Amino acid sequence: MKLIKKIAAVVLGAILVGGALTGCGSEKAPSSENLNFGCINYSDSLDPSAMINASWCVTRFGIGECLFKFDDDMSAQNNLCDKYTVDDSKTTWTFHIREGVKFSNGKELTPCAVQASIQYMYDQEAGAQGNSTPSMYMDMESIKGDDNTGNVTIVTKKPITDLCSVLAHPYFSILDVKSGENMGENPIGTGPYAIEKYDTGVSLGMKANENYWNGEVPYKTVNIIFISDSTTKAMALENGDVDVVENITTPGDLQKLKKNEDYKIAEAVGIRCGFSYMNQKGVLGNEDLRKAILMALDDKTMCDVTVGGMYTAGYSVLPSALDYGYKNLTDATPYNVKEAKSILDKANIVDGDGDGYRELNGKNINLSYLTYDSRNLIDFTEAVVSYLDKIGIKATIKTTDADTEWNMLTSGEYDLLANNWMTVPVGDPYSYLDNWYSKSKANYCGYANNEYDTLYEELANETESDARSGIIEKLQQILINDAAVLVHGYYHSNMCSNKNIEGASIPTADYYWLTTNIKPAK
């Protein structure tokens, strides 16, 4: 797959240990008592149908697994499925379910259980029971599990080049949806760990899955402690309150840990884009205003100084590390405060009442800017507001949590909304670029461009790699030319652990945190 150019993980002070499939029914006992893991609370719910953040928690915390799993080249490898076939039309896919796998409650993983799990996601979406949108990745005609043959057959409404990669997305974690358990608090999966106690927003107590099919589970118990502040996470690691933390985002704290041989830091550079949606259903429907906003921002200073090098500056929705023609793109709104003011003046977006802030059509501009505490987003938001103040554009920050921000995104209750997304969620940016396709349910910002739509529809039917890359390059340039998105830069993910731990890494896909690779150091 032609995808990644500079995506390999950069490992500092740690040897990242890879795990191989070892077959079914390991009977080895966990080799240590407890692991304490510190991370942000990305969702109060663990029901993958509730919202995308919840689905990621299921795979990140080692609760659920998918039929396929991404390697660090973003290629889907067999996981709960051990083999598959596809017809010539690429609409009928037959997946054989690995034998001997059990859910953590001891129930057998059967094709009918797989069918029920995937169908649950679509039923929830159809009934508007949650905000997750599995149909965004797989427009499914039907699914049928056959316990006699061991197969699950999925028929899609249109050809899909690589359905295996789609089924590696956390939306498609296979859970025992008929267990009777509360899906939001206790989803039952096939992963190495199972939930014992969930104290919403505070901690998640887990135990080793005694039925785990894929080798030794290193810890008897895992305690996930939710810590929102980056410096507090670093302090918890230094104090010994936690053994591993995800994403230390304060540069000073990260550098301090790097200099101390008692800690191991793994970093992955490449496929996450920090950006802000610009809601074009409101005042930001004015293209001149959007262009002036982007020209008022010094992206390089924000990435290099404001967030201390935690991001690489850029101006496209796809990172420069991906092989989609970034070097051929042209920045249509480079940093130029004087030109930003000129654009506003010519568009008659001026300060008519002398309060220091501009109006549009006689109405005061006060942009509602949503953000939350994750991956330096608050730092970016505060910097953007400061830069906009210099050109007479007022913006008011509203800091919330990830769940609330997602709900407000889908309901359109914002002008600007900061986020950090993985750009190739199913090994390809097609579904990510859907966010700006005018006919998509995922177009939460109201952007519309006929040329973009036509090219995006061509991309849906194009299977040749070079041709797809060419279309994707053009789509990026259209978004740049239309000032459709406020791009902050491309994030450097990290995982930090003490010297008693090995294998704590950030995979390229960022879907897998608590894996059996994390274990006591030898």
Side-chain angles (χ1 to χ4, degrees), residues 273-300 302-303 312-349 360 367 380 384 387-388 391 393 415-419 421 423-424 429-440 442-460 462 467-490:
C273 180
F275 68 95
S276 286
Y277 280 104
M278 305 180 84
N279 190 350
Q280 288 153 60
K281 299 176 183 178
V283 67
L284 291 178
N286 186 293
E287 185 174 339
D288 289 319
L289 177 57
R290 296 198 308 273
K291 287 184 175 180
I293 285 173
L294 298 189
M295 295 191 82
L297 306 179
D298 185 351
D299 300 318
K300 184 168 177 53
M302 282 192 287
C303 288
T312 297
Y315 46 83
S316 175
V317 294
L318 291 177
S320 50
L322 297 179
D323 199 11
Y324 291 114
Y326 186 89
K327 65 180 182 299
N328 300 323
L329 301 175
T330 301
D331 186 359
T333 53
Y335 177 52
N336 188 325
V337 174
K338 183 178 180 180
E339 181 60 22
K341 291 180 178 179
S342 176
I343 290 173
L344 294 171
D345 292 340
K346 290 177 182 178
N348 199 33
I349 302 174
L360 176 62
L367 303 176
F380 275 121
V384 168
Y387 278 113
L388 294 186
I391 62 168
I393 299 297
D415 292 308
L416 292 165
L417 185 146
N419 222 320
W421 277 19
T423 57
V424 284
Y430 172 76
S431 57
Y432 170 70
L433 294 171
D434 190 56
N435 285 280
W436 297 278
Y437 176 50
S438 70
K439 302 174 186 178
S440 170
N443 185 331
Y444 304 119
C445 64
Y447 172 74
N449 180 299
N450 289 334
E451 183 183 3
Y452 186 95
D453 287 351
T454 299
L455 283 169
Y456 186 78
E457 289 164 3
E458 288 181 16
L459 183 64
E462 180 58 64
R468 287 182 66 82
S469 293
I471 295 172
I472 291 168
E473 181 181 320
K474 292 177 182 178
L475 291 170
Q476 293 176 81
Q477 191 63 62
I478 292 170
L479 294 177
I480 292 169
N481 292 345
D482 286 351
V485 193
L486 195 171
V487 175
H488 305 300
Y490 315 125

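Position 1 is the first residue of the sequence; numbering continues from there. Predicted, not measured: the structure shown is a model, and the values here were computed from it.
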Colleague: Applying side-chain contact (heavy atoms from CB on, under 4.5 Å), run through Val317 and Thr423 and close with a yes or a no.
Modeller: CA-CA 8 Å; Val317 294; Thr423 57; over 6 Å; no

Colleague: So does Thr330 get a backbone contact from the side chain of Gln477, meaning a donor-acceptor N/O pair under 3.5 Å?
Modeller: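 Here the side-chain-to-backbone pair exists.
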
Colleague: Does a side-chain heavy-atom distance below 4.5 Å link Tyr324 with Pro319?
Modeller: no

Colleague: Would you call Val283 and Leu367 a side-chain contact if the rule is heavy atoms closer than 4.5 Å?
Modeller: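 The answer is yes; the side chains approach within 4.5 Å.
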
Colleague: Out of Leu416, Asp415, Leu284, Asn435, which one pairs with Tyr277 under the side-chain contact (heavy atoms from CB on, under 4.5 Å) rule?
Modeller: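 Exactly one pass, corresponding to Asn435.
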
Colleague: Only pairs under 3.5 Å count here: list side-chain donor-acceptor contacts from residues 331-343, not counting sequence neighbours, and write none if there are none.
Modeller:
from   : atom 1 : to     : atom 2 : distance (Å)
Asp331 : OD1    : Thr333 : N      : 3.0
Asn336 : OD1    : Lys338 : N      : 3.3
Asn336 : OD1    : Glu339 : N      : 2.9

Colleague: Applying side-chain contact (heavy atoms from CB on, under 4.5 Å) between Glu451 and each of Leu455, Asp453, Thr454, report the one that passes.
Modeller: Leu455

Colleague: Determine whether a donor-acceptor pair (N or O, by modelled atom type, separation under 3.5 Å) exists between the side chain of Asp288 and the backbone of Leu344.
Modeller: no

Colleague: In this structure, is the centre-to-centre distance between the rings of Tyr326 and Tyr315 below 6.0 Å?
Modeller: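 Ring centres of Tyr326 and Tyr315 closer than 6.0 Å.
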
Colleague: Listed by chain and number, what are the ring pair (Phe, Tyr, Trp, His ring centres under 6.0 Å) partners of Tyr432, not counting sequence neighbours?
Modeller: Trp436

Colleague: Among Gln280, Met278, Lys281, find the residue that satisfies the side-chain contact (heavy atoms from CB on, under 4.5 Å) test when tested with Tyr447.
Modeller: Gln280

Colleague: Measure from the side-chain N and O atoms of Tyr387 to the backbone N and O of Leu294, and report whether any donor-acceptor pair falls under 3.5 Å.
Modeller: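 No, Tyr387 side chain to Leu294 backbone: no donor-acceptor pair under 3.5 Å.
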
Colleague: Is there side-chain contact between Pro429 and Ile472, with heavy atoms separated by less than 4.5 Å?
Modeller: yes

Colleague: Can you find a heavy atom in the side chain of Ser320 that is under 4.5 Å from one in the side chain of Leu322?
Modeller: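 Heavy-atom side-chain distance check fails, nothing below 4.5 Å.
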
Colleague: May I ask you to test the Val384-Leu297 pair for a side-chain heavy-atom distance under 4.5 Å?
Modeller: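 Yes - at least one pair of side-chain heavy atoms lies under 4.5 Å apart.
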
Colleague: Quick one: closest heavy-atom pair of Lys291 and Asn481, and the distance?
Modeller: CE-O, 3.4 Å

Colleague: Is there a side-chain contact between Ser316 and Ile480 (heavy atoms, below 4.5 Å)?
Modeller: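 Side-chain contact under 4.5 Å: yes.
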
Colleague: Restricting to salt bridge (charged side-chain N to carboxylate O under 4.0 Å, His left out), what partner residues turn up for Lys439, sequence neighbours left out?
Modeller: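 So Lys439 forms a salt bridge (charged side-chain N to carboxylate O under 4.0 Å, His left out) with Glu457.
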
